[in-house]
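Just so you know, these numbers use all the heavy atoms, side chains as well, and skip hydrogens, waters and symmetry mates. A, B, ... follow the sequence lines: proteins, then strands. Residue 1 opens every chain.
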There are 2 protein chains.
Amino acid sequence: MKNRVKITRMDLAITQEQLAKSVGATRQTIGLIEKGEYNPSLHLCMAIARELGKTLDELFWEVE
Amino acid sequence: MKNRVKITRMDLAITQEQLAKSVGATRQTIGLIEKGEYNPSLHLCMAIARELGKTLDELFWEVE
DNA sequence: TCTGTTTGCAATATATATCTTACATATGTA
DNA sequence: TACATATGTAAGATATATATTGCAAACAGA
């Protein structure tokens, strides 16, 4: 898994569609971001982070 | 200023062109990101952050 | 003055994120 | 069984990030 969107979303017990609507995106976009197959925009990443109560680093930053 | 890319880059005394080349982007793209007029991709944001020795939150996160 | 460096800005072209629509599958529940 | 919900996936259309090229301005140094 390349990011922590899916885990965090499931912890909050909300669906892909609920998250999508709250950030102004579609369910498909959320699904692809969770799979790590997308390179989402910064604005969308920030909207998702705020909605999930996390920061950019907590959801997307990778330490090596 | 919407993000801290320009300040951080100038602290490191590197040019837009040097940063652009090291992250595989163009000078124009870096310039527009610094002005906050762009919505860059997550991958580019991470490349810039790594190159500047910062994290996503340090460069792009906004607390309100 | 002249020259090189850095940055801003603009027009056009290209790549790709995102949307729209649709169908399939798995799961839970009546 | 039947129905609803949640998710995966795919094709085509649209929006926009990014590249390319070029020109201009500001500045420093010779």
Between P of C/dG8 and CD1 of B/Ile33, the distance in whole Å
13 Å
Nearest heavy atom decides the nucleotide; on that basis, is A/Thr26 or B/Ile14 closer to the 5' end of DNA chain C?
B/Ile14
Side-chain contact test, heavy atoms from C-beta onward, threshold under 4.5 Å: evaluate it for B/Leu42 versus A/Ile33 and give yes or no.
no
Side-chain N or O of A/Arg9 closer than 4.0 Å to phosphate OP1/OP2 of D/dA6:
no
Would you state whether a donor and an acceptor, one from the side chain of B/Gln28 and one from the base of D/dT21, lie under 3.5 Å apart?
yes
If you count the non-hydrogen atoms of other residues, nucleotides and ligands that lie under 6.0 Å from CD in B/Glu17, is the total more than 12?
no
For A/Leu32, report the nucleic acid contact type (base, sugar-phosphate, nothing); a contact means any heavy atom under 4.0 Å.
nothing
Interatomic distance where CE belongs to A/Met10 and P belongs to D/dA6 [whole Å]:
12 Å
My understanding is that only residues two or more places apart in sequence, or in another chain, count here; which of them pass side-chain hydrogen bond (donor to acceptor under 3.5 Å, both in side chains) with A/Lys21?
none
Nearest whole angstrom, please: distance from the P of D/dA19 to the NZ of B/Lys21.
13 Å
Nucleotide D/dT9, atom C1' - distance to CD of A/Glu34 in whole Å:
15 Å
Whole angstrom value for the distance that separates C1' of D/dA25 from CZ of B/Arg27:
12 Å
With respect to the phosphate group of C/dT7, does any side-chain polar atom (N or O) of B/Lys35 fall under 4.0 Å of OP1 or OP2?
no
Mind calculating the distance between CD (B/Glu17) and P (D/dT21) to the nearest angstrom?
13 Å
Nearest to the side chain of A/Ala25, which nucleotide is it out of C/dT7, C/dC19, D/dG8?
C/dC19
Where each residue is assigned the nucleotide of DNA chain D containing its nearest heavy atom, which of B/Leu44 and A/Thr15 is assigned the position nearer the 5′ end?
A/Thr15
Going by side-chain hydrogen bond (donor to acceptor under 3.5 Å, both in side chains), B/Arg9 matches just one of B/Gln18, B/Glu51, B/Glu34. Which one?
B/Glu34
Please state whether the phosphate of C/dA17, meaning OP1 or OP2, lies under 4.0 angstrom from any side-chain nitrogen or oxygen of A/Thr29.
no
So A/Phe60 and A/Lys54, side-chain contact (heavy atoms from CB on, under 4.5 Å) or not? Walk me through it.
CA-CA 10 Å; A/Phe60 299 101; A/Lys54 302 283 186 178; over 6 Å; no
For A/Ile30 and C/dA17, what is the distance between atoms CD1 and C1' respectively, to the nearest whole Å?
13 Å
Phosphate contact (C/dG8 OP1 or OP2) by B/Lys6 side-chain N/O below 4.0 Å
yes
Can you measure B/Glu37 atom CD to D/dA17 atom P for me and round it to whole angstrom units?
11 Å
Is it the case that the base of D/dG8 and the side chain of A/Gln16 share a donor-acceptor contact (distance under 3.5 Å, atom types as modelled)?
no
